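What follows is a short report on a single structure.
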Amino acid sequence: MTQKYGFTTTILHSDRQKTIEHGAPHKPVHTSVTWGYSDARQLAEVFQGKQSGYRYGRQGNPTVSALEDKVTKMEGGLATICFASGMAAIGALIQALLREGDHVVSSVFLFGNTASMWQTFGGQGGKVSMVDATDVAQVEAALTPATRMVFVETIANPRTQVADLKRIGELCRARGILFVVDNTMTSPYLFQPKTVGAGLVVNSLTKSIGGHGNALGGALTDTGLFDWSSYPNIYDAYKRNPQAQWALAQIRAKSLRDFGASLGPEAAHHIAVGAETIALRMERSSASALAVAQMLEADPRVSAVHYPGLESHPQHTLAAELFRSNSYLFSFELKPEIDCFDYLNRLKLAISGTHLGDNRTLVIAVAHTIFYEMGAERRAAMGISESLIRVSIGIEDTADLVADFKQALQA
Ligand SMILES: *Cc1c(COP(=O)(O)O)cnc(C)c1O
């Protein structure tokens, strides 16, 4: 899709460029779960895919469609399906696209719940190889004839490892393997996975796209780059669509219609309004994240800071090449004499809470919370130390944030 305007202009005016009720600048919230047709034959044609239209709220809704269109524009993709959460979008990959005996190569540096999801797939007869995706050779070595997809995050949450996205994309293209990128940590404002050959892009809309911590949502975008005719798991029913639409047609049926993890119209509205300011919020929070990370790195009471914006980060140069900025998330470790919980309790602005990509700065001791269930051994494999603190910087004034993280060092 060629875009005439810049990122924010495009999103702001996206609804208006389609039919818009009464000239409203936002797509209104449609709460109906069904739609009536004056001609019963028309309803049959909608069901048969011969004309477009809404059937039942589980499969689609005008407010949700407007958001899907917006996410598609943000990602420069072909089409998008929204889900009730980011995890529902990732679950849809397994449910709609993978079968028993299939193999997935996944980055080992992964959002904890996604790692748990791969464990579930393993229990259902799938196979998953977890590899260090900062090294394309490890991805290549793990490929088998049964490999159906390679799955990576852009900047891994929480240790901020940056996957070797370009080379993995080239590898997948050469082997005809579907490349799936979870773009949540960067968001389409900082990075479009389409530019490195991703076929499908995952976004948790709950995080920086919505941005205000008031609605859950997720999305899968088809970039149009993957040739679905080479993918073995598409049912004949969905091959009646033009080939580029096979995967999303199957996902919409198998994961939305049959599984029902649908995004509600009110949540879609909150997310769409939040998305209007993502560029402004990301600029601010990325700049503040760099300022706070630099302050912490320079302090002798801090033993390590993990942030791609710092020169000390192993993928600093790669991140600068790939991303518009380094995002709002970093993690750090204190010297052993400072207890991480005591430090967190001394922070006055930053809120101890899970979640990220919010307007408000959030902090959490990851090994004891979101990564607790998986145990010490798997945490160690993911580079997560017991005292690691994850920080998601918000849009507070930069000086206030630097001061807060500094005063808390002074016991
Ligand atoms: C939060 C997150 C998800 C899951 O999104 P939810 O909307 O919370 O379900 C997936 N991937 C990454 C990288 C995340 O940070």
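Order of appearance sets the numbers: ligands from 1, and atoms from 1 within every ligand. None of these values were measured; they are calculated from a predicted model.
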Between His30 and Tyr54, is the gap from one ring center to the other below 6.0 Å? no
Of all the non-hydrogen atoms in the protein, which one sits nearest to [atom], and at what distance?
atom                    : answer
atom 13 (C) of ligand 1 : Asp182 OD2, 3.4 Å
atom 6 (P) of ligand 1  : Gly86 N, 3.3 Å
atom 3 (C) of ligand 1  : Phe111 CE2, 3.4 Å

Ile251 and Leu220: side chain to side chain contact (heavy atoms under 4.5 Å, CB included), yes or no, with the steps? CA-CA 9 Å; Ile251 292 169; Leu220 277 183; 3.9 Å; yes
Report the member of Ala89, Ala156, Ser204, Ala84 with the shortest heavy-atom distance to atom 5 (O) of ligand 1. Ser204
Arg281 side chain to Ser285 side chain, donor-acceptor N/O pair below 3.5 angstrom: no
Are a donor atom and an acceptor atom from the side chains of Thr184 and Ser204 found within less than 3.5 Å of each other? no
Between ligand 1 and [X], is the shortest N or O to N or O distance under 3.5 Å?
X      : value
Lys207 : yes
Met87  : yes
Glu153 : no

Atom indices of ligand 1, in the order listed, that fall short of 4.0 Å to a heavy atom of [X]:
X      : answer
Thr206 : 6 (P), 7 (O)
Gly217 : 7 (O)
Asn157 : 15 (O)

Give every residue pair that meets the ring pair (Phe, Tyr, Trp, His ring centres under 6.0 Å) criterion with at least one member in residues 280-333, sequence neighbours excluded. Phe191-Phe323, Phe332-Tyr343
Using a 6.0 Å distance limit plus a 45 degree cone around the ring axis, check whether Arg257 lies over the aromatic ring of Tyr238.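 Checked: cation-pi criterion not met.
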Below 3.5 Å, can you tabulate the donor-acceptor pairs from side chains in residues 104-116 to any protein atom, sequence neighbours excluded?
| residue | atom | partner | partner atom | Å |
| --- | --- | --- | --- | --- |
| Ser106 | OG | Trp118 | NE1 | 3.2 |
| Ser107 | OG | Phe109 | N | 3.0 |
| Ser107 | OG | Phe109 | O | 3.3 |

